[in-house]
Amino acid sequence: MNTIPTTFNEIYPSYTAVGGESRKGATGLSAVILNRGGKFSRVTLFEELAKAGFDYILSMEGSSNRYDIEMLSGSFPFVRFVLLKEPISPGEEINIAAAELSSPLFFVLWNDLKILRSGGAERMAERLMVSSAATDNASTAVHYKRLCTAPLIQDAHFENLPTLIAPAFIAEKKAANFITTLQFVPHKEGLQSLYPFDGIGVYDRQRFIRLGGFDPCIKSFYWQLVDFGFRSRLWGENIATTQLVKLAYQGDVPEKDSSAGDSYKRFFLKNLAPVFRRDYGHIPLRSFLGYLRKMGGELFTAWDEFSAARKWVEINRYRFKSDVRSIVEQWEDFNFSHAERDAGLE
(Lines give C-alpha, C1' and ligand atoms only; values in the text may rest on other atoms or scores of the structure.)
Protein backbone atom coordinates (compact mmCIF):
# COMPACT_ATOMS: atom_id res chain seq x y z
CA MET A 1 0.00 0.00 0.00
CA ASN A 2 1.88 3.04 -1.26
CA THR A 3 -1.04 5.44 -1.56
CA ILE A 4 -4.62 5.74 -0.34
CA PRO A 5 -7.22 7.29 -2.70
CA THR A 6 -8.25 10.77 -1.57
CA THR A 7 -11.11 11.34 -4.05
CA PHE A 8 -14.14 9.30 -5.06
CA ASN A 9 -13.40 6.71 -7.78
CA GLU A 10 -9.79 7.77 -8.05
CA ILE A 11 -9.16 4.16 -9.06
CA TYR A 12 -11.66 3.53 -11.86
CA PRO A 13 -12.35 -0.02 -13.13
CA SER A 14 -12.97 -0.55 -16.84
CA TYR A 15 -16.55 -1.28 -17.89
CA THR A 16 -19.20 -0.67 -20.58
CA ALA A 17 -22.79 0.43 -19.94
CA VAL A 18 -25.61 -0.85 -22.16
CA GLY A 19 -29.26 0.23 -22.28
CA GLY A 20 -31.16 2.13 -19.62
CA GLU A 21 -32.23 5.04 -21.82
CA SER A 22 -35.82 5.09 -20.60
CA ARG A 23 -36.88 6.34 -17.20
CA LYS A 24 -39.48 4.28 -15.36
CA GLY A 25 -40.38 6.57 -12.46
CA ALA A 26 -39.73 10.02 -10.99
CA THR A 27 -39.21 9.29 -7.30
CA GLY A 28 -35.53 10.23 -6.94
CA LEU A 29 -34.73 6.60 -6.06
CA SER A 30 -33.07 4.05 -8.38
CA ALA A 31 -32.22 0.39 -7.78
CA VAL A 32 -28.80 -1.27 -8.10
CA ILE A 33 -28.57 -5.04 -8.48
CA LEU A 34 -25.39 -6.87 -7.51
CA ASN A 35 -25.25 -10.33 -9.07
CA ARG A 36 -24.09 -13.24 -6.94
CA GLY A 37 -24.97 -15.89 -9.52
CA GLY A 38 -27.33 -18.75 -8.88
CA LYS A 39 -30.54 -19.74 -10.63
CA PHE A 40 -32.64 -16.73 -9.71
CA SER A 41 -35.01 -15.23 -12.26
CA ARG A 42 -33.74 -11.84 -13.38
CA VAL A 43 -36.92 -11.27 -15.37
CA THR A 44 -39.01 -11.66 -12.21
CA LEU A 45 -36.73 -9.31 -10.26
CA PHE A 46 -36.79 -6.65 -12.99
CA GLU A 47 -40.57 -6.89 -13.15
CA GLU A 48 -40.88 -6.49 -9.38
CA LEU A 49 -38.58 -3.45 -9.36
CA ALA A 50 -40.42 -1.91 -12.32
CA LYS A 51 -43.74 -2.38 -10.53
CA ALA A 52 -42.27 -0.70 -7.44
CA GLY A 53 -41.58 2.39 -9.57
CA PHE A 54 -37.82 2.89 -9.30
CA ASP A 55 -36.52 5.60 -11.63
CA TYR A 56 -33.81 3.43 -13.15
CA ILE A 57 -32.44 -0.05 -12.53
CA LEU A 58 -28.72 -0.67 -12.77
CA SER A 59 -27.60 -4.30 -13.10
CA MET A 60 -23.93 -5.03 -12.41
CA GLU A 61 -22.81 -7.82 -14.73
CA GLY A 62 -19.78 -10.07 -14.42
CA SER A 63 -17.37 -10.86 -17.22
CA SER A 64 -19.20 -14.06 -18.28
CA ASN A 65 -22.70 -15.44 -18.96
CA ARG A 66 -23.96 -12.37 -20.84
CA TYR A 67 -25.93 -14.30 -23.45
CA ASP A 68 -29.29 -12.78 -22.37
CA ILE A 69 -28.26 -9.11 -22.12
CA GLU A 70 -29.57 -8.16 -25.57
CA MET A 71 -32.92 -9.81 -24.93
CA LEU A 72 -33.26 -8.30 -21.46
CA SER A 73 -32.24 -4.84 -22.66
CA GLY A 74 -35.00 -4.93 -25.28
CA SER A 75 -37.61 -6.11 -22.78
CA PHE A 76 -36.57 -3.69 -20.02
CA PRO A 77 -35.43 -0.38 -21.57
CA PHE A 78 -35.17 1.26 -18.13
CA VAL A 79 -32.49 -1.24 -17.03
CA ARG A 80 -28.87 -0.26 -17.58
CA PHE A 81 -26.45 -3.18 -17.70
CA VAL A 82 -22.89 -2.45 -16.54
CA LEU A 83 -20.55 -4.93 -18.22
CA LEU A 84 -17.37 -5.29 -16.21
CA LYS A 85 -14.15 -6.03 -18.05
CA GLU A 86 -12.69 -7.96 -15.10
CA PRO A 87 -13.83 -9.15 -11.66
CA ILE A 88 -13.91 -6.44 -8.99
CA SER A 89 -15.10 -6.23 -5.38
CA PRO A 90 -18.77 -5.52 -4.54
CA GLY A 91 -17.72 -2.21 -3.01
CA GLU A 92 -16.17 -1.13 -6.30
CA GLU A 93 -19.37 -2.16 -8.09
CA ILE A 94 -21.40 0.10 -5.78
CA ASN A 95 -18.95 2.94 -6.48
CA ILE A 96 -19.55 2.53 -10.23
CA ALA A 97 -23.30 2.53 -9.66
CA ALA A 98 -23.09 5.82 -7.72
CA ALA A 99 -21.08 7.35 -10.58
CA GLU A 100 -23.45 6.08 -13.28
CA LEU A 101 -26.70 7.17 -11.65
CA SER A 102 -28.05 10.68 -11.18
CA SER A 103 -30.84 9.83 -8.71
CA PRO A 104 -30.41 11.42 -5.26
CA LEU A 105 -30.97 7.99 -3.66
CA PHE A 106 -30.07 4.48 -4.78
CA PHE A 107 -31.13 1.14 -3.33
CA VAL A 108 -28.48 -1.61 -3.38
CA LEU A 109 -29.67 -5.21 -3.32
CA TRP A 110 -28.53 -8.61 -4.60
CA ASN A 111 -30.14 -10.80 -7.24
CA ASP A 112 -30.88 -13.52 -4.66
CA LEU A 113 -33.13 -11.22 -2.60
CA LYS A 114 -36.88 -10.82 -2.74
CA ILE A 115 -38.67 -7.65 -1.62
CA LEU A 116 -41.35 -8.58 0.92
CA ARG A 117 -42.33 -5.08 2.04
CA SER A 118 -41.41 -1.61 0.80
CA GLY A 119 -44.49 0.39 -0.18
CA GLY A 120 -42.86 1.14 -3.53
CA ALA A 121 -40.01 3.46 -4.52
CA GLU A 122 -41.97 6.67 -4.00
CA ARG A 123 -43.01 5.72 -0.48
CA MET A 124 -39.46 4.60 0.36
CA ALA A 125 -38.06 7.94 -0.79
CA GLU A 126 -40.65 9.88 1.20
CA ARG A 127 -39.80 7.98 4.38
CA LEU A 128 -36.14 8.96 4.04
CA MET A 129 -36.77 12.68 3.70
CA VAL A 130 -37.12 15.34 6.36
CA SER A 131 -38.63 18.78 5.88
CA SER A 132 -36.58 21.98 5.94
CA ALA A 133 -38.16 22.85 9.30
CA ALA A 134 -36.35 19.86 10.83
CA THR A 135 -32.94 20.91 9.54
CA ASP A 136 -30.53 23.76 10.12
CA ASN A 137 -30.67 24.81 6.46
CA ALA A 138 -34.13 26.15 5.73
CA SER A 139 -33.18 27.23 2.18
CA THR A 140 -33.65 23.68 0.87
CA ALA A 141 -37.11 22.12 0.75
CA VAL A 142 -36.13 18.59 1.76
CA HIS A 143 -33.09 16.74 3.03
CA TYR A 144 -32.30 13.08 3.29
CA LYS A 145 -31.98 11.73 6.80
CA ARG A 146 -28.68 9.89 6.63
CA LEU A 147 -25.92 8.35 4.56
CA CYS A 148 -27.58 4.92 4.39
CA THR A 149 -30.73 3.20 5.60
CA ALA A 150 -30.52 -0.59 5.98
CA PRO A 151 -33.70 -2.72 5.70
CA LEU A 152 -34.91 -5.65 7.77
CA ILE A 153 -33.61 -8.88 6.18
CA GLN A 154 -34.83 -12.44 6.64
CA ASP A 155 -33.43 -15.81 5.60
CA ALA A 156 -35.16 -18.23 3.23
CA HIS A 157 -37.28 -19.47 6.17
CA PHE A 158 -38.43 -15.90 6.93
CA GLU A 159 -36.51 -15.65 10.18
CA ASN A 160 -35.13 -12.20 10.98
CA LEU A 161 -31.36 -12.00 10.62
CA PRO A 162 -28.97 -10.18 13.00
CA THR A 163 -28.18 -7.41 10.54
CA LEU A 164 -27.63 -4.58 13.05
CA ILE A 165 -23.87 -4.18 13.51
CA ALA A 166 -22.46 -2.54 16.63
CA PRO A 167 -18.83 -1.84 17.60
CA ALA A 168 -17.68 -3.03 21.02
CA PHE A 169 -14.58 -3.30 23.18
CA ILE A 170 -13.08 -6.75 23.71
CA ALA A 171 -13.03 -7.60 27.44
CA GLU A 172 -13.72 -3.92 28.24
CA LYS A 173 -10.25 -2.87 27.08
CA LYS A 174 -10.94 0.63 25.85
CA ALA A 175 -8.31 0.85 23.15
CA ALA A 176 -8.43 0.70 19.35
CA ASN A 177 -6.48 -2.57 19.37
CA PHE A 178 -9.33 -4.28 21.25
CA ILE A 179 -12.38 -3.37 19.16
CA THR A 180 -14.69 -5.91 17.55
CA THR A 181 -18.21 -5.91 16.08
CA LEU A 182 -21.38 -7.56 17.39
CA GLN A 183 -24.56 -8.44 15.50
CA PHE A 184 -28.17 -8.09 16.68
CA VAL A 185 -31.64 -8.40 15.20
CA PRO A 186 -32.98 -4.83 14.75
CA HIS A 187 -36.15 -4.64 16.83
CA LYS A 188 -37.36 -1.08 16.20
CA GLU A 189 -37.09 1.81 13.81
CA GLY A 190 -34.01 4.01 13.50
CA LEU A 191 -31.41 1.93 15.32
CA GLN A 192 -27.85 2.89 14.42
CA SER A 193 -25.79 0.27 12.57
CA LEU A 194 -22.08 0.46 11.90
CA TYR A 195 -22.54 -0.61 8.29
CA PRO A 196 -25.30 -2.01 6.04
CA PHE A 197 -25.32 -5.81 6.20
CA ASP A 198 -24.07 -7.31 2.89
CA GLY A 199 -23.99 -3.74 1.51
CA ILE A 200 -27.80 -3.75 1.26
CA GLY A 201 -29.50 -0.41 1.81
CA VAL A 202 -30.72 2.91 0.47
CA TYR A 203 -27.78 5.30 0.03
CA ASP A 204 -27.75 9.08 -0.26
CA ARG A 205 -25.71 9.45 -3.45
CA GLN A 206 -24.08 12.82 -2.69
CA ARG A 207 -23.17 11.84 0.87
CA PHE A 208 -21.77 8.57 -0.44
CA ILE A 209 -19.58 10.37 -2.98
CA ARG A 210 -18.39 12.97 -0.45
CA LEU A 211 -17.39 10.16 1.90
CA GLY A 212 -15.32 8.58 -0.88
CA GLY A 213 -17.47 5.47 -1.30
CA PHE A 214 -15.92 2.07 -0.68
CA ASP A 215 -12.14 1.76 -0.65
CA PRO A 216 -11.19 -0.02 -3.91
CA CYS A 217 -7.79 -1.00 -2.50
CA ILE A 218 -9.47 -3.13 0.16
CA LYS A 219 -10.31 -6.35 -1.68
CA SER A 220 -12.19 -8.13 1.12
CA PHE A 221 -15.87 -7.08 1.00
CA TYR A 222 -16.18 -7.62 4.76
CA TRP A 223 -13.34 -5.20 5.49
CA GLN A 224 -14.66 -2.81 2.84
CA LEU A 225 -17.92 -2.67 4.78
CA VAL A 226 -16.22 -2.24 8.17
CA ASP A 227 -13.94 0.47 6.76
CA PHE A 228 -16.94 2.25 5.19
CA GLY A 229 -18.90 2.05 8.44
CA PHE A 230 -16.18 3.35 10.74
CA ARG A 231 -15.15 6.08 8.30
CA SER A 232 -18.76 7.27 7.99
CA ARG A 233 -19.05 7.50 11.78
CA LEU A 234 -15.63 9.10 12.24
CA TRP A 235 -16.56 11.74 9.67
CA GLY A 236 -19.95 12.54 11.18
CA GLU A 237 -22.31 10.47 9.02
CA ASN A 238 -24.71 7.82 10.25
CA ILE A 239 -26.26 4.57 9.06
CA ALA A 240 -29.48 3.27 10.56
CA THR A 241 -31.98 0.44 10.16
CA THR A 242 -35.63 0.59 9.18
CA GLN A 243 -38.53 -1.78 9.84
CA LEU A 244 -40.48 -0.34 6.89
CA VAL A 245 -38.57 -2.20 4.18
CA LYS A 246 -38.21 -5.98 4.42
CA LEU A 247 -36.23 -8.34 2.18
CA ALA A 248 -35.56 -12.07 2.24
CA TYR A 249 -32.78 -14.20 0.81
CA GLN A 250 -34.06 -16.86 -1.57
CA GLY A 251 -30.98 -19.01 -1.03
CA ASP A 252 -28.28 -19.35 1.59
CA VAL A 253 -27.28 -16.32 3.64
CA PRO A 254 -23.77 -15.31 2.50
CA GLU A 255 -21.00 -16.08 4.95
CA LYS A 256 -18.60 -13.31 5.93
CA ASP A 257 -14.85 -13.73 5.59
CA SER A 258 -13.31 -11.66 8.37
CA SER A 259 -9.83 -13.15 8.09
CA ALA A 260 -7.06 -10.63 8.65
CA GLY A 261 -4.56 -9.69 5.96
CA ASP A 262 -3.64 -6.66 3.88
CA SER A 263 -7.30 -5.53 3.91
CA TYR A 264 -7.29 -5.47 7.71
CA LYS A 265 -4.01 -3.54 7.80
CA ARG A 266 -5.46 -0.84 5.61
CA PHE A 267 -8.66 -0.70 7.67
CA PHE A 268 -6.67 -0.49 10.91
CA LEU A 269 -4.50 2.40 9.76
CA LYS A 270 -7.39 4.45 8.36
CA ASN A 271 -9.83 3.95 11.20
CA LEU A 272 -8.33 2.57 14.42
CA ALA A 273 -4.94 4.29 14.39
CA PRO A 274 -6.11 7.95 14.20
CA VAL A 275 -6.71 9.87 17.43
CA PHE A 276 -8.82 13.02 17.71
CA ARG A 277 -7.11 16.23 18.87
CA ARG A 278 -9.25 19.29 19.51
CA ASP A 279 -10.83 19.50 16.03
CA TYR A 280 -8.83 17.18 13.79
CA GLY A 281 -7.67 13.60 13.31
CA HIS A 282 -4.03 12.58 13.60
CA ILE A 283 -1.87 9.43 13.64
CA PRO A 284 0.96 9.97 16.15
CA LEU A 285 4.39 9.04 14.87
CA ARG A 286 5.08 7.14 18.10
CA SER A 287 2.34 4.60 17.25
CA PHE A 288 4.45 3.11 14.44
CA LEU A 289 6.23 0.65 16.73
CA GLY A 290 2.89 -0.57 18.07
CA TYR A 291 1.64 -1.04 14.49
CA LEU A 292 4.78 -2.97 13.57
CA ARG A 293 4.44 -5.26 16.59
CA LYS A 294 0.76 -5.91 15.93
CA MET A 295 0.98 -6.47 12.17
CA GLY A 296 4.48 -7.86 11.80
CA GLY A 297 6.05 -8.01 8.37
CA GLU A 298 9.09 -6.33 6.89
CA LEU A 299 10.19 -3.08 8.56
CA PHE A 300 10.39 -0.86 5.46
CA THR A 301 7.12 -2.19 4.02
CA ALA A 302 5.37 -1.48 7.32
CA TRP A 303 6.84 2.04 7.36
CA ASP A 304 5.57 2.70 3.81
CA GLU A 305 2.08 1.55 4.84
CA PHE A 306 2.15 3.62 8.00
CA SER A 307 3.45 6.74 6.22
CA ALA A 308 0.79 6.48 3.49
CA ALA A 309 -1.94 6.29 6.14
CA ARG A 310 -0.52 9.27 8.08
CA LYS A 311 -0.53 11.31 4.88
CA TRP A 312 -4.11 10.33 4.09
CA VAL A 313 -5.27 11.22 7.60
CA GLU A 314 -3.39 14.53 7.38
CA ILE A 315 -5.20 15.42 4.14
CA ASN A 316 -8.58 14.55 5.69
CA ARG A 317 -7.79 15.65 9.25
CA TYR A 318 -10.62 18.18 9.58
CA ARG A 319 -13.21 15.68 8.36
CA PHE A 320 -12.72 13.64 11.54
CA LYS A 321 -15.31 14.41 14.22
CA SER A 322 -14.09 11.88 16.80
CA ASP A 323 -11.96 8.76 17.14
CA VAL A 324 -12.88 5.10 17.42
CA ARG A 325 -12.68 4.91 21.20
CA SER A 326 -15.20 7.74 21.55
CA ILE A 327 -17.52 6.14 19.01
CA VAL A 328 -17.62 2.83 20.87
CA GLU A 329 -18.04 4.49 24.28
CA GLN A 330 -20.96 6.59 23.04
CA TRP A 331 -22.62 3.94 20.86
CA GLU A 332 -25.29 2.67 23.24
CA ASP A 333 -26.50 6.13 24.30
CA PHE A 334 -26.27 7.38 20.71
CA ASN A 335 -28.32 4.45 19.44
CA PHE A 336 -31.01 4.91 22.07
CA SER A 337 -31.44 8.65 21.56
CA HIS A 338 -31.68 8.39 17.77
CA ALA A 339 -34.13 5.49 17.87
CA GLU A 340 -36.41 7.40 20.24
CA ARG A 341 -36.16 10.53 18.09
CA ASP A 342 -37.02 8.66 14.88
CA ALA A 343 -39.98 7.07 16.65
CA GLY A 344 -41.20 10.53 17.69
CA LEU A 345 -40.83 9.81 21.41
CA GLU A 346 -38.64 12.76 22.37
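We count residues from 1, following the sequence as given.
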Peer 1: Can you hop from Trp110 to Leu152 via hydrophobic side chains spaced under 4.5 Å?
Peer 2: no
Peer 1: Between Asp227 and Lys270, does any NZ, NE, NH1 or NH2 come within less than 4.0 Å of an OD or OE carboxylate oxygen?
Peer 2: yes
Peer 1: Name the orientation class of the two ring planes belonging to Phe267 and Tyr264 (parallel below 30°, tilted from 30 to 60°, perpendicular beyond 60°).
Peer 2: tilted
Peer 1: Between atom CG of Leu272 and atom OG of Ser287, what is the distance when rounded to the nearest 0.5 Å?
Peer 2: 11.5 Å
Peer 1: Take atom CG in Asp279; do more than 12 heavy atoms of anything else shown fall under 6.0 Å from it?
Peer 2: yes
Peer 1: Using 0.5 Å steps for rounding, measure from the CG atom of Leu45 to the CD atom of Gln250.
Peer 2: 8.0 Å
Peer 1: Answer whether the closest heavy-atom distance between the side chains of Val108 and Ile200 falls below 4.5 Å.
Peer 2: no
Peer 1: With heavy-atom distances below 4.5 Å as the criterion, would you say the side chains of Leu58 and Ile33 are in contact?
Peer 2: no
Peer 1: Under 3.5 Å, is there a donor-acceptor pair between the Arg117 and Gln243 side chains?
Peer 2: no
Peer 1: Taking atom types as modelled, find out whether Glu189 and Thr242 have a side-chain donor-acceptor pair closer than 3.5 angstrom.
Peer 2: yes
Peer 1: For the side chain of Gln183 and the backbone of Pro162, is there at least one donor-acceptor N/O pair under 3.5 Å apart?
Peer 2: yes
Peer 1: What I want to find out is whether Lys51 reaches Glu48 closely enough, with some N-O distance under 4.0 Å, to be called a salt bridge.
Peer 2: no
Peer 1: Contact between Leu83 and Val18 at the side-chain level, heavy atoms closer than 4.5 Å - yes or no?
Peer 2: yes
Peer 1: May I ask you to check whether Glu86 and Tyr15 show a side-chain donor-acceptor distance below 3.5 Å?
Peer 2: no
Peer 1: Between Val43 and Leu72, is any pair of side-chain heavy atoms under 4.5 Å apart?
Peer 2: yes
Peer 1: Write down the atom of Gly19, the atom of Ser73, and the distance for their closest heavy-atom approach.
Peer 2: CA-OG, 3.9 Å
Peer 1: Would a 4.5 Å heavy-atom cut-off, applied to side chains only, mark Asp198 and Leu34 as touching?
Peer 2: no
Peer 1: I'd like to know if the side chain of Ser232 reaches the main chain of Gly229, judged simply by a donor and an acceptor atom lying under 3.5 Å from each other, with no hydrogens or angles considered.
Peer 2: yes
Peer 1: Any chance you could measure Ser89, atom OG, to Gln224, atom CD, to the nearest 0.5 Å?
Peer 2: 3.5 Å
Peer 1: Between Trp223, Phe214, Phe221, which is the residue that forms a ring-ring contact (aromatic ring centres under 6.0 Å, His included) with Phe228?
Peer 2: Phe214
Peer 1: Are Pro167 and Phe230 packed together at the side-chain level, in the sense that at least one heavy-atom pair is separated by less than 4.5 angstrom?
Peer 2: yes
Peer 1: Assess, by modelled atom type and distance only, whether the side chains of Ser326 and Asp323 contain a donor and an acceptor separated by less than 3.5 Å.
Peer 2: yes
Peer 1: Restricting to non-hydrogen atoms, name the atom on Thr27 and the atom on Gly53 that form the minimum distance, rounded to 0.1 Å.
Peer 2: CG2-O, 3.6 Å
Peer 1: What verdict does the side chain to side chain contact (heavy atoms under 4.5 Å, CB included) test give for Ile96 and Glu93, after you've listed the backbone C-alpha separation in whole Å, the side-chain angles of each residue and the deciding distance to 0.1 Å?
Peer 2: CA-CA 5 Å; Ile96 290 176; Glu93 293 187 16; 5.7 Å; no
Peer 1: Return the CD1 to CD1 distance between Ile165 and Ile239, rounded to the nearest 0.5 Å.
Peer 2: 10.5 Å
Peer 1: Can you tell whether the side chains of Lys145 and Asp204 come within less than 4.0 Å, N to carboxylate O?
Peer 2: no
Peer 1: Donor-acceptor check, side chain of Asn271 to backbone of Arg231, threshold 3.5 angstrom: yes or no?
Peer 2: yes
Peer 1: Do any N or O atoms from the side chain of Asp112 and from the backbone of Gly251 form a donor-acceptor pair under 3.5 angstrom?
Peer 2: no
Peer 1: Please report the shortest heavy-atom distance between Ile327 and Ser322, naming the atom on each side.
Peer 2: CG1-OG, 3.5 Å
Peer 1: Let me confirm one number: the CG-CG distance from Leu194 to Asn238, rounded to the nearest 0.5 Å.
Peer 2: 11.5 Å
Peer 1: Angle between ring planes, Trp235 versus Trp312, binned at 30° and 60°: parallel, tilted or perpendicular?
Peer 2: parallel
Peer 1: Look at Glu92 together with Lys219 and state whether they make a salt bridge at an N to O cut-off of under 4.0 Å.
Peer 2: yes
Peer 1: Step by step, would you call Phe106 with Tyr56 a ring-ring contact (aromatic ring centres under 6.0 Å, His included)?
Peer 2: CA-CA 9 Å; Phe106 61 95; Tyr56 294 100; over 10 Å; no
Peer 1: Walk me through whether Val253 and Leu161 qualify under side chain to side chain contact (heavy atoms under 4.5 Å, CB included).
Peer 2: CA-CA 9 Å; Val253 178; Leu161 294 172; 3.9 Å; yes
Peer 1: Are a donor atom and an acceptor atom from the side chains of Gln154 and Asn160 found within less than 3.5 Å of each other?
Peer 2: yes
Peer 1: Could you walk me through whether Leu285 and Phe306 pass the side chain to side chain contact (heavy atoms under 4.5 Å, CB included) test, one step at a time?
Peer 2: CA-CA 9 Å; Leu285 188 61; Phe306 184 81; 4.3 Å; yes
Peer 1: Has Arg317 got a side-chain atom pairing as donor or acceptor with His282's backbone, closer than 3.5 angstrom?
Peer 2: no
Peer 1: For the CD atom on Glu255, are there more than 12 heavy atoms of other groups (residues, nucleotides or ligands in this structure) within a distance under 6.0 Å?
Peer 2: no
Peer 1: For atom CD of Glu122, is the number of surrounding heavy atoms from other residues, nucleotides or ligands below 6.0 Å larger than 12?
Peer 2: no
Peer 1: Kindly indicate, with the supporting measurements, whether the criterion ring-ring contact (aromatic ring centres under 6.0 Å, His included) is fulfilled by Phe46 and Phe76.
Peer 2: CA-CA 8 Å; Phe46 291 158; Phe76 301 97; 5.3 Å; yes
Peer 1: Has the side chain of Asn35 got a donor or acceptor atom that lies under 3.5 Å from a matching backbone atom of Asn111?
Peer 2: no
Peer 1: I'd like to know if the side chain of Asp55 pairs up with that of Ser30 as donor and acceptor (distance under 3.5 Å, no hydrogens or angles considered).
Peer 2: no
Peer 1: Does Ile94 belong to the same Ile/Leu/Val/Met/Phe/Trp/Tyr cluster as Leu84, with side-chain heavy atoms less than 4.5 Å apart forming each link?
Peer 2: yes
Peer 1: When rounded to the nearest 0.5 angstrom, what distance separates OG in Ser193 from CG in Leu164?
Peer 2: 4.5 Å
Peer 1: For Leu101, does its backbone N or O pair with a side-chain atom of Arg205 as donor and acceptor, under 3.5 Å?
Peer 2: yes
Peer 1: Side-chain contact, heavy-atom cut-off 4.5 Å: Lys321 with Arg233?
Peer 2: no
Peer 1: What is the minimum heavy-atom distance between Leu29 and Ala121, and which atoms define it?
Peer 2: CD2-O, 3.6 Å
Peer 1: Run the side chain to side chain contact (heavy atoms under 4.5 Å, CB included) test on Lys85 and Thr16 for me, step by step, so that the C-alpha distance in whole Å, both residues' side-chain angles and the decisive distance to 0.1 Å come before the verdict.
Peer 2: CA-CA 8 Å; Lys85 299 294 179 66; Thr16 301; 3.4 Å; yes
Peer 1: Looking at every heavy atom in both Asp257 and Ser220, which two are closest together, and how far apart are they?
Peer 2: O-OG, 3.7 Å
Peer 1: Any donor and acceptor pair, going by atom type alone, linking the side chain of Ser118 with main-chain N or O of Val245 inside 3.5 Å?
Peer 2: no
Peer 1: Distance alone, cut at 3.5 Å: any donor-acceptor contact between the side chains of Ser307 and Glu305?
Peer 2: no
Peer 1: Return the minimal non-hydrogen interatomic distance between Thr241 and Thr149, and the atom names on each side.
Peer 2: C-CG2, 4.5 Å
Peer 1: Check Arg319 with Glu237, please: is the shortest side-chain N to carboxylate O separation under 4.0 Å?
Peer 2: no
